[in-house]
Structure formats: structure tokens, C-alpha cells
J.: 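Input: one structure, supplied below.
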2 protein chains.
Amino acid sequence: MDEKDLKIVCGTRLFAGLDPEAVSSLLHGSAPRQHSKGQMLFEQGDPADTFYIVLDGWVKVFRPSVMGDEAVFGVFTVGESFGEAAMFIQGQFPAAAQVVEEARLIAVHSDVFRKRVHNDPDLAFEMLAAMSRHLHSLMNQVEQLQIRSSAQRLAQFLVSLAPVPLGAAVVALPYDKSLIAHRLGMKPESLSRAFVRLRAQGVATDGNRVMLGDVGQLRAYGETGPLRERMASH
Amino acid sequence: MDEKDLKIVCGTRLFAGLDPEAVSSLLHGSAPRQHSKGQMLFEQGDPADTFYIVLDGWVKVFRPSVMGDEAVFGVFTVGESFGEAAMFIQGQFPAAAQVVEEARLIAVHSDVFRKRVHNDPDLAFEMLAAMSRHLHSLMNQVEQLQIRSSAQRLAQFLVSLAPVPLGAAVVALPYDKSLIAHRLGMKPESLSRAFVRLRAQGVATDGNRVMLGDVGQLRAYGETGPLRERMASH
DNA sequence: CGGCCGGCTTGACTTCGGTCAAGGGACAAC
DNA sequence: GTTGTCCCTTGACCGAAGTCAAGCCGGCCG
């Protein structure tokens, strides 16, 4: 694990604020490993004896259903961790994880880490904070699925990718459109149509590059939908 | 706080395994309070200086949207806790909470409790486990919203209420149907129609009593939907 | 160069769930 | 008893998203 990797891990909110030596010793022996696209990291129901920190690339956490469908709970990238929750409950992963873009990961052994958490209250708090964030992110996902249209969900996703809070921007879609579709709880066909509908909000696409005319406008659309423009009702 | 209440709190997974004296001292000064139906406990964005444990009744945790709609993240009852996550992040509640059936609650002050967590690794682990469970429950909700029809979601909800894993059962709906509808991410009208559709799966309703002909069959329906009965295909 | 393959888009059609409106039934107040 | 009100159900209608199928396009390999 070289210096850059260590920097990423220290940047991870999980280890934020801890000094590099501490983290290094904590992760001693957990060398980063390269994983190729498509590789399964674990399946739902597997014994949860490790969790992961992403150095780069993208990993999908999901649950396959009896029929071909699947529910996507998150897609993680540099500095993020996943699989921590499982080690505090039954010891079984409640979902599966698969590399979707070539990735370098650190696998942390649960038992070693748990001991460490037990002895280090600050690390425990970081852990609690990390899980709070996952919780928060899932709440956002539930909210989106319950009350937003597919076009609104896409709008919010694009806003979250935008480098600026207002004005024009160009973003690159970080992974396949079909994965984005699943991530947003829709079919690839519906994602295409959602892009078409967002054209009216100043969104243009070209392959995996997306041009946003006005991020502020797009955010508003994501929250309130296509307002009914009842400008007359003074 | 009388003996029965203390027993409930000790039964809470959050405090599972801790001895009553420890819990009692931990919650010292936090007397249970009665809350009437409709009362708001906190709004989204409020400073998160407390969390709650339910002694009885029902509390809805939700996020209102700009337009009249709302997303429901959970409905909690005896022995469950909510609002713990907020104290480990920004200190603002990411959702609102409202009493939906007359309830008795214990409000725990975050700062006192946080200190306690800091000094008590076992309590920290209970906390982590509690949040893992919330996480797990939200994952189930995301899964349901992403890939199940409204009738399937209702089927799974009914199964979760059933006292037995198989065979016939009668369950009482614990709160208003319109709240169940929101909890399952649909409108009241759709809930009615979902009940109609489940009649084919041996479900009969009479007010807030629901008769389930076969819990096992209902569970299967909740997972795979109305199978296409293609019995012909060799 | 040419052909294939996988990912994406588009179109036609269906189905599900939301919307709007009407009506029923339990229950409380008068 | 009567008249509300509130909650739930039902029906007619409509729009959003899924399904199925065809076609496009770019990348890869021969």
C-alpha cells in the first residue's frame, strides 16, 4: 500500500482525522488488491468476515431477486466503504457486491477490526458516523423511489455529479447507463426516455458525456417536478 | 419509570443484555412521557439533541416533500428506537417524526448518551447493531420499491404481521390504512386495490382485521409475484 | 475492409398506479 | 334519529413506466 493509497484511506470518512501511522498499523497486512470488471466480491448470505474500502473504480452493492431483476442499494467509489454493517449483526451479508468498473480495494478483516473498534472509542464513533451516512443515503433513495418520477430521479443524480452548484456544467457518466438505470430503480429504456424528457430542462447527451445547461434549474426540477406554470393565478 | 417500562427498555435490542440497574442509571432523569396522536416530535432539520425509545403506541418517521406528498421511512412501536443516527452526523434530523397512535416514549439526551457510548464499548456495539438493523430495514424497503408491485409489497407487509410462518392466520392492522399505504409507497386507493388483488391469494378483509388463508402462499406471492402458471412447458 | 456483438435508443402496446369524483359506512355530536 | 365528519372503497380516466421488438452505432476481431 503506497503513500497515495494511504492518503485515500485517511481521507475516507471512516478514518478521517486518524493519523496515517495509526491507520497503517490498523490495516497492516491488508494489501490493496486489483479486481477486474464483473468480479463478484461476495454474495448475499455469505459469511460477513470482511468489509471493503475503495481505492479506485466502482463497486455495485445489490440484491438479486428470484426473477432476473435486482435491487441496487449503492454504487461505491474512491474513499467509500461498504459491507461494514454486516459485521455487527448476523454475520451474513444482506446483499451482494460486484465490481462494475475495474477497481482497487482494501479488504479489512472484521474480527481484527472489531477488536480495534472495541478499544478505540473514536474509531467507534467514526464507524457510527459512517453507518449514519449510509442510512442517510438509503433514506434519500427511499424518498426518491416513493415520490419522484424517473426523470426527477435522473435529474437529482446528474446534479449530484455536477462539479458546480449553479450554472452550466458538463459531466461524464461514471458507469454504464444500464447500471445507472438500475441504481435509480428503472429499466434502461426508461432511462433513455428520462434523458429525452430532461432535454426540456437544458440537458443534452453525447454518449457518456452529459451537458447541463443550468444545474440550479435541474435541481429545482428534481425536487418539484415540471411545475405547472400557473403564472396567471395572481 | 416503572418496572414494566424498564423491562421493555432492557428488551430493546439497543440495551439487550445490559442489566436493569445499568440501564436505569443510564436513562436516569429520562421519564417516559405520554404523547397524543398527531403530535410532532421533531421536524426535518431540527437540531438532533435527543433520540427516542417507544414504550407503546406508534410513531411515524417521514420526510415531507415540497408538494403535499411525504416519504415514510419507518413506523416504530414498542421496544424500538429511532432518531439515533442523527446524533452521529451533522446534528440535524434528516426526517420528521410524528405520533400516529397514542404513544409513551422515552426521550434520551444525545450528549449524555454519547458520553456513555464513548466509555462503554459494549454499548457502542449495541448502537452499531441497532443502526445495522435500521440499515437492513431500509434496504428491504428499497428492494420492495424497486422491484415489487404494490400487491406484492402489501403481501410482504401482511406476512410480517402474521404470528405464524405457515398456514392460516388472522392479523389486526396496527394503524390506519392510509398510513400503511404511505408506508408501502402508494396511495390509499392503490392499497384498496392491492387488497382486492390479494383476494385471489386467500386474503379477506373486514375493517382492520385481515384473514390470511395461507401465510406461506402469501410469502411466495410477495417474492415472486403472480406466477405465470406455465404448466405446459414440459 | 467487413461482419459481429453489446449497449443504447426508439416505437408500439400493455399494465400499473395516480387522479378525480362519487358513494358507503362507522362513529360522534346534536 | 339525524347530521355531520372521517376514512375507506369503487369506478372512470389518464399518464408513467414496463415489455417486446426492431434498429442504430461503435468497438472488436477476423
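Below, chains carry the letters A, B, ... as their sequence lines are ordered, and counting in each starts from 1. Here the structure is a predicted model, which is why all the values come from computation and not from measurement.
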J.: Could you tell me how far apart Leu191(B) (CG) and dT10(D) (C1') are, to the nearest whole angstrom?
T.: 14 Å

J.: In whole angstrom, what separates Ile147(A)'s CD1 from dA16(D)'s C1'?
T.: 16 Å

J.: Specify the residue among Ala151(A) and Leu179(B) whose closest nucleotide of DNA chain D lies further upstream toward the 5′ end.
T.: Leu179(B)

J.: Please give, in whole Å, the distance from dC24(D) P to Asp206(A) CG?
T.: 19 Å

J.: Just how far, in rounded Å, is C1' of dC8(D) from CE of Met186(B)?
T.: 15 Å

J.: Please compare Gln146(A) and Lys177(A) by the position of their nearest nucleotide in DNA chain C and report the one closer to 5'.
T.: Lys177(A)

J.: Is there a side-chain hydrogen bond (donor to acceptor under 3.5 Å, both in side chains) between Gln98(B) and Gln39(B) once you walk through the steps?
T.: CA-CA 6 Å; Gln98(B) 182 182 30; Gln39(B) 185 179 348; over 6 Å; no

J.: Measure CD/Glu189(A) against C1'/dC20(D) and give the value in whole Å, please.
T.: 9 Å

J.: What's the CZ-C1' distance between Arg197(A) and dA17(D), to the nearest Å?
T.: 8 Å

J.: Any chance you could lay out the side-chain hydrogen bond (donor to acceptor under 3.5 Å, both in side chains) test for Ser81(A) and Glu84(A), step after step, and finish with the verdict?
T.: CA-CA 7 Å; Ser81(A) 59; Glu84(A) 328 91 303; 2.9 Å; yes

J.: Between dA16(D) and Ser190(A), is there an OP1 or OP2 to side-chain N/O distance shorter than 4.0 Å?
T.: no

J.: Could you work out, with side-chain contact (heavy atoms from CB on, under 4.5 Å) as the rule, every residue matching Glu143(A), not counting sequence neighbours?
T.: Asn140(A), Ile147(A), Arg148(A), Arg63(B), Ala71(B), Phe73(B)

J.: For DNA chain C, note the earliest and the latest nucleotide, 5' to 3', having some atom under 4.0 Å of a heavy atom belonging to chain A.
T.: dC8(C) to dA12(C)

J.: Passes side-chain hydrogen bond (donor to acceptor under 3.5 Å, both in side chains), Gln146(B) versus Glu70(A)? Steps please.
T.: CA-CA 8 Å; Gln146(B) 281 196 3; Glu70(A) 65 183 38; over 6 Å; no

J.: Let me confirm one number: the CG-CZ distance from Leu158(B) to Arg153(B), rounded to the nearest 0.5 Å.
T.: 13.0 Å

J.: Rounded to whole Å, please give me the gap between CG in Leu145(A) and P in dA16(D).
T.: 18 Å

J.: For Lys187(A) and dC20(D), is the shortest distance between a side-chain N/O and OP1 or OP2 below 4.0 Å?
T.: no

J.: Show your reasoning for whether side chain to side chain contact (heavy atoms under 4.5 Å, CB included) applies to Val100(A) and Val59(A).
T.: CA-CA 5 Å; Val100(A) 289; Val59(A) 177; 5.8 Å; no

J.: Could you go through Phe76(A) and Val61(A), starting from their C-alpha distance and side-chain angles, then the distance that decides it, and tell me whether this counts as side chain to side chain contact (heavy atoms under 4.5 Å, CB included)?
T.: CA-CA 8 Å; Phe76(A) 299 96; Val61(A) 173; 3.5 Å; yes

J.: Counting side-chain heavy atoms from C-beta on, which of dT10(D), dA17(D), dC8(D) comes nearest to Arg193(B)?
T.: dT10(D)

